There are 2 protein chains.
Amino acid sequence: MALKRKGQEFRQHIVATANRLFYRRGYNQTSFTDIADAAEIPRGNFYYYFKTKDEILDAVVDYRLEGIRAMLAEWEASIPEPRDRLKRYVQILLNEERDILRYGCPMGTLNVELSKTQLVLQSRSREMFEVFFDWLKTQFLAMGCGRAARDHALHVLAVTQGVSLLTNAFEDGAFLRREAAKLKQWIDEI
Amino acid sequence: MALKRKGQEFRQHIVATANRLFYRRGYNQTSFTDIADAAEIPRGNFYYYFKTKDEILDAVVDYRLEGIRAMLAEWEASIPEPRDRLKRYVQILLNEERDILRYGCPMGTLNVELSKTQLVLQSRSREMFEVFFDWLKTQFLAMGCGRAARDHALHVLAVTQGVSLLTNAFEDGAFLRREAAKLKQWIDEI
DNA sequence: GTCTATATACGGATAGAC
DNA sequence: GTCTATCCGTATATAGAC
């Protein structure tokens, strides 16, 4: 029992390390050697847990989805007003400013990379967008936006993605803060 | 003289081919073999024109910058009103819908890729954003936006980038058309 | 200037000892 | 379950014949 638990921790350790590297270096630019070095485990070792590199990405996406769903559930529990929940979503930009400046959005940049030549993997990474989209739409529906809820949800996703991309490209934190404020104001005016 | 000219055409042919492949497959996922095959020239051949892969990207960025500057100059000459010029910029989204659906924005996706682990090359790709930014700002200034011109220019860049990214992620052309219309309307209301 | 053959390094993946 | 040694393919890049 103790041994099996250790094995699972081992696996989790690999996934968490790969997750960090896939964000910072990109998927294709992260080698097995990179992951092994960062996780401080022998190179050939994790083929016991993952037969191919694709499977590691699969596990990383599951790991991220779990984190996203837990975060959204926490917001649902602690923030009563849909409008405030939407603004909490925008707040991510400000909380993650440092990482966005350097590496962009984890979700957006992964999707951009995979959509070029790895469509099967891209469809997995798109699931993250879909989870956020469904949640955003639900909030707009709760605000009484009706048929516009879908458009609004996609709009918020697009603006946050565009802001992350430009913030990263120009290394401009002030721009990110201005646009986050504008988006919160837009939400308030609905 | 004829020989030299042939050499330059050879070089241009390589750059144009690399440009297309860098857009469709990404920079790191495009090999010399890919370029050689697509251009129908022997592999080792173009080391005569480019000593490293970096140099090919450099030439590709120059090639794109040339195209962007020519396009903007053409708009300046044929479209008298700054407001109409801005809407012409947004119109790119609609004209390039098919490619955006499949490969995203050439400028944005290249920047995302290079900003992870190739900062020197990223600073070159950022030049494309800067050319568009300067031009957009000039148009907003001509419309009398004053100090807001800078923010407006970055805003337009961010929205078009976000829309391209989401359109590609969800393969949703209708979303792109809706957002392009909204952005044109926003320009009209300034 | 053009092309072939090849050097060298590193990628993902495997075999099998322990 | 863990780790070492290694295979094989492909990557960028070079040497040198023509």
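Below, chains carry the letters A, B, ... as their sequence lines are ordered, and counting in each starts from 1. The structure displayed is predicted, hence computed values, not measured ones.
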field: Donor-acceptor pair between B:Gln122 and B:Lys116 side chains, under 3.5 angstrom
entry: no
query: Which word best sums up how the rings of A:Phe32 and A:Phe46 line up, parallel for under 30°, tilted for 30 to 60°, or perpendicular for over 60°?
result: parallel
task: Provide, to the nearest angstrom, the distance between the CG atom belonging to A:Asn45 and the P atom belonging to D:dT2.
output: 6 Å
query: D:dT2 phosphate, OP1 or OP2: any side-chain N/O from A:Tyr49 under 4.0 angstrom?
result: yes
query: Can you name the nearest heavy-atom pair linking B:Ala180 to B:Val90, along with the distance?
result: O-CG1, 3.6 Å
field: Heavy-atom pair with the smallest gap, counting every atom of A:Val60 and A:Ala18
entry: CG2-CB, 3.9 Å
Please tabulate the protein-to-nucleotide N/O contacts below 3.5 Å involving nucleotides 8-13 of chain C, giving atom names and distances.
from, atom 1, to, atom 2, distance (Å)
C:dG12, OP1, A:Lys53, NZ, 3.1
C:dG12, OP2, A:Phe32, N, 2.8
C:dA13, OP2, A:Lys53, N, 2.9
C:dA13, N7, A:Tyr47, OH, 2.9

task: Using whole Å, report how far CD of B:Gln29 lies from C1' of D:dT12.
output: 14 Å
message: Check this one for me: any side-chain N or O of B:Tyr48 less than 4.0 Å away from OP1 or OP2 of C:dT2?
response: no
Centroid-centroid distance, B:Tyr49 to B:Phe10, less than 6.0 Å: yes
query: For the pair made of CD1 in B:Ile14 and C1' in C:dG1, what is the distance, rounded to whole Å?
result: 12 Å
message: Rounded to whole Å, how long is the line connecting atom CD of A:Glu40 with atom P of D:dC3?
response: 12 Å
- prompt: Are there more than 12 heavy atoms of other residues, nucleotides or ligands under 6.0 Å from atom CZ of A:Arg43?
  reply: no
